[in-house]
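All values reported here derive from a predicted model rather than from experimental measurement. We use all heavy atoms of the structure for the numbers below, so side chains are in, but hydrogens, waters and symmetry mates are not.
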Amino acid sequence: MGTTVTHAPAMEGLSQDSEPRHGPVKPERPAALKRRRRRENLAGYLFMSPWIAGFLLLTAGPMIASLYYAFTDYNLFDAPKWIGLDNFSEMFGDPRWRHSVQVTLWYVAVGTPLKLIAALGVALLLAQSRRGQAFYRAAFYAPSLIGASVSVAIVWKAIFSDDAIVDRTQKLFGIDVGGWTGDPDMIIYSLVALTVWQFGAPMVIFLAGLKQVPRELYEAAEVDGAGKMRRFWNITLPMISPVLFFNVLLETIHSFQIFSSAYIVGGGAGGNACGPADGSMVYTCYLYVQGFENSRMGLASAMAWLLLIAVALVTAVLFWSQKRWVHYEEGAR
């Protein structure tokens, strides 16, 4: 009678949960873990060091210095002398300062809406499929790339000067008001025209927002008999309201910061630095005149900080108002 012998497997007696041959993985010791994290943090700060140095030297440092100068009498040549709130009291009593505030507010209130209307209108046209769409997008966007340059401001001043193309075109229609840049009442309109011409950047943002509107909403509205204007007010505007809010916020801040075009079109250095009879006297232009032409850097610093506070307040109001007219998707906030 043969006997059947059953050999146990080589791993008999070891459960599936048994440790591997090389043994369990030992956890990293707290001291070694700290050293590794310290090396990683050091590498991160090393890569960030150029930005940190630039921020401290070129942004934070000058801001702190200007805050101190705002309460001093400082002319760039002598040591600053502490005078407290005298710069602010002088500022509020200066009629040219009040005029610059009025011109800036008018420019923001008129130029920003017109620019956004032009941007949205062109974006609506470009959102439709048509031949040469890429060319038109690039052509309309190009002014935003070069519009803020000094060379464009010089050309713009020449276009709107006496007996130039705008003046001659007006005369063809029986309008004889002369060049805009030489007229204290008209020069601000040339600046508004320049900023409206640079609608390319908000146009691209509007175009991206329009592409995200579901087509099903328009199809359902057409079935219900809604016309183009009703679809625009009830579908397009609510759906792109976050994009609209972003453009309003960004362009409002940019409008408060206008300087180079107003300074160049207004005449540049000299008695008419901010336009004839201060016609293009925006806030930043008068700030430049006080700081660099009159060497009153303390007063200019006070004006700069007041502008920062004003822009911050306007931004806060816009963020507060968005709850009433900006519609976000569920969970998008």
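Across Val282, Leu194, Val152, a single residue satisfies side chain to side chain contact (heavy atoms under 4.5 Å, CB included) together with Ser261, and that is Leu194. When each of Leu191, Val110, Leu114 is paired with Val196, the side chain to side chain contact (heavy atoms under 4.5 Å, CB included) condition holds for Leu114 and for no other.
The number of heavy atoms from other shown groups lying within 6.0 Å of NZ (Lys211) is above 12.
Follow the hydrophobic side-chain contacts under 4.5 Å out from Leu125 and you never reach Val204; the two are in separate clusters. Neither Tyr68 nor Ile64 shares a network with the other; the hydrophobic side chains, linked directly or stepwise wherever heavy atoms of I, L, V, M, F, W or Y lie under 4.5 Å apart, form separate groups for each. Leu217 and Tyr328 fall within a single hydrophobic cluster, where Ile, Leu, Val, Met, Phe, Trp and Tyr are joined by side-chain heavy atoms under 4.5 Å apart, directly or via other members. Side-chain heavy atoms closer than 4.5 Å link hydrophobic residues (I, L, V, M, F, W, Y) into clusters, and following such links, possibly through other members, connects Ile258 to Leu145. Using a 4.5 Å cut-off between side-chain heavy atoms of Ile, Leu, Val, Met, Phe, Trp and Tyr, with links allowed through other members, Met297 and Leu58 fall into different hydrophobic clusters.
Not counting sequence neighbours, the partners of Phe92 by the ring pair (Phe, Tyr, Trp, His ring centres under 6.0 Å) test are Trp97. Among residues two or more places apart in sequence or in another chain, the ring pair (Phe, Tyr, Trp, His ring centres under 6.0 Å) test is passed with Trp320 by none. Every residue two or more places apart in sequence or in another chain that forms a ring pair (Phe, Tyr, Trp, His ring centres under 6.0 Å) with Tyr288 is listed here: Phe259, Tyr263, Phe292. With sequence neighbours excluded, no residue forms a ring pair (Phe, Tyr, Trp, His ring centres under 6.0 Å) with Phe206.
Between the side chain of Thr104 and the main chain of Tyr283, a donor-acceptor pair closer than 3.5 Å is present. A donor-acceptor pair is defined here as one N or O able to donate and one able to accept, closer than 3.5 Å; such a pair exists between the side chain of Asp162 and the backbone of Gly179. Not a single donor-acceptor pair under 3.5 Å links the side chain of Gln322 to the backbone N or O of Ser241. Remark: side-chain polar atoms of Arg168 are paired, donor with acceptor, to backbone N or O of Asp163 under 3.5 angstrom.
Of all heavy-atom pairs spanning Ala127 and Leu210, the tightest one is CB-CD1, 4.1 Å. Shown here for Leu306 and Met91, the closest heavy-atom pair between the two residues is CD2-SD, 3.5 Å. Across all their heavy atoms, Asn87 and Ala302 have their closest contact at CB-CB, 3.9 Å. Scanning all heavy atoms of the two residues, the minimum distance from Ile165 to Thr169 falls at O-OG1, 2.7 Å. When all heavy atoms are compared, the tightest approach of Cys274 to Val289 is SG-CG2, 3.9 Å. Heavy atoms only, all atoms of each residue included: Trp180 and Ser190 are closest at CE3-N, 3.7 Å.
Side-chain atoms of Asn247 and Glu251 form no donor-acceptor pair, as typed in the model, at a separation below 3.5 Å. Gln198 and Tyr141 share no side-chain donor-acceptor pair at under 3.5 Å. Counting only N and O atoms by type, the side chains of Tyr286 and Asp94 include a donor and acceptor under 3.5 Å apart. Between the side chains of Thr181 and Ser161, no donor N or O sits under 3.5 Å from an acceptor N or O. Under the 3.5 Å distance criterion, with hydrogens and angles disregarded, a donor-acceptor pair is assigned to the side chains of Trp305 and Ser66.
Asn75 has its side chain within reach of Asp78: a pair of non-hydrogen atoms, C-beta onward, lies under 4.5 Å apart. Leu307 is not listed as a side-chain neighbour of Met303, based on a closest heavy-atom distance of 4.5 Å or more. Side-chain contact between Gln170 and Val177 is present, with at least one heavy-atom pair separated by less than 4.5 Å. For the pair Pro276 and Ile187, the minimum side-chain heavy-atom distance is below 4.5 Å. Counting only heavy atoms from C-beta outward, the side chains of Tyr189 and Phe160 never approach each other to under 4.5 Å. Counting heavy atoms from C-beta outward, His254 and Lys115 have side chains that stay 4.5 Å or more apart. Residues Arg38 and Arg35 have side chains in contact (heavy-atom distance under 4.5 Å, counting atoms from C-beta outward).
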Side-chain donor/acceptor pairs under 3.5 Å, residues 225-240, sequence neighbours excluded:
{"unit_1": "Arg231", "atom_1": "NH1", "unit_2": "Ala226", "atom_2": "O", "d": "2.9"}
{"unit_1": "Thr236", "atom_1": "OG1", "unit_2": "Tyr218", "atom_2": "OH", "d": "2.7"}

request  = Using the side-chain hydrogen bond (donor to acceptor under 3.5 Å, both in side chains) rule, take Thr252 and Thr112 through it: C-alpha gap first, then chi angles, then the decisive distance, then the call.
outcome  = CA-CA 6 Å; Thr252 300; Thr112 301; 4.7 Å; no

message = The test is side-chain contact (heavy atoms from CB on, under 4.5 Å); show your working for Val192 and Trp106 and say whether it passes.
response = CA-CA 10 Å; Val192 171; Trp106 187 93; 3.7 Å; yes

request  = Given ring pair (Phe, Tyr, Trp, His ring centres under 6.0 Å), test Phe256 with Tyr107 step by step and report yes or no.
outcome  = CA-CA 8 Å; Phe256 275 105; Tyr107 175 83; 9.4 Å; no

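Using bins of under 30°, 30° to 60° and over 60° for the plane-to-plane angle, the ring pair Phe71/Trp82 lands in the parallel bin.
Here the CD atom belonging to Gln102 is positioned 12.0 Å from the CG atom belonging to Asp278, to the nearest 0.5 angstrom. In this structure, the separation between OG on Ser144 and CH2 on Trp197 is 8.5 Å, given to the nearest 0.5 Å. To the nearest 0.5 angstrom, Leu299 atom CG is 9.0 Å from Asn294 atom CG. Once rounded to the nearest 0.5 Å, the distance linking CG of Leu250 with CD1 of Ile205 reads 6.5 Å. In this structure, the separation between CG on Asp167 and CG on Leu172 is 10.0 Å, given to the nearest 0.5 Å. The SG atom of Cys285 lies 8.0 Å from the CD atom of Glu293; values are rounded to the nearest 0.5 Å.
Through direct or relayed side-chain contacts under 4.5 Å between Ile, Leu, Val, Met, Phe, Trp and Tyr, Ile309 connects to Leu313.
With salt bridges taken as basic N to acidic carboxylate O contacts below 4.0 Å, none links Glu219 and Arg215.
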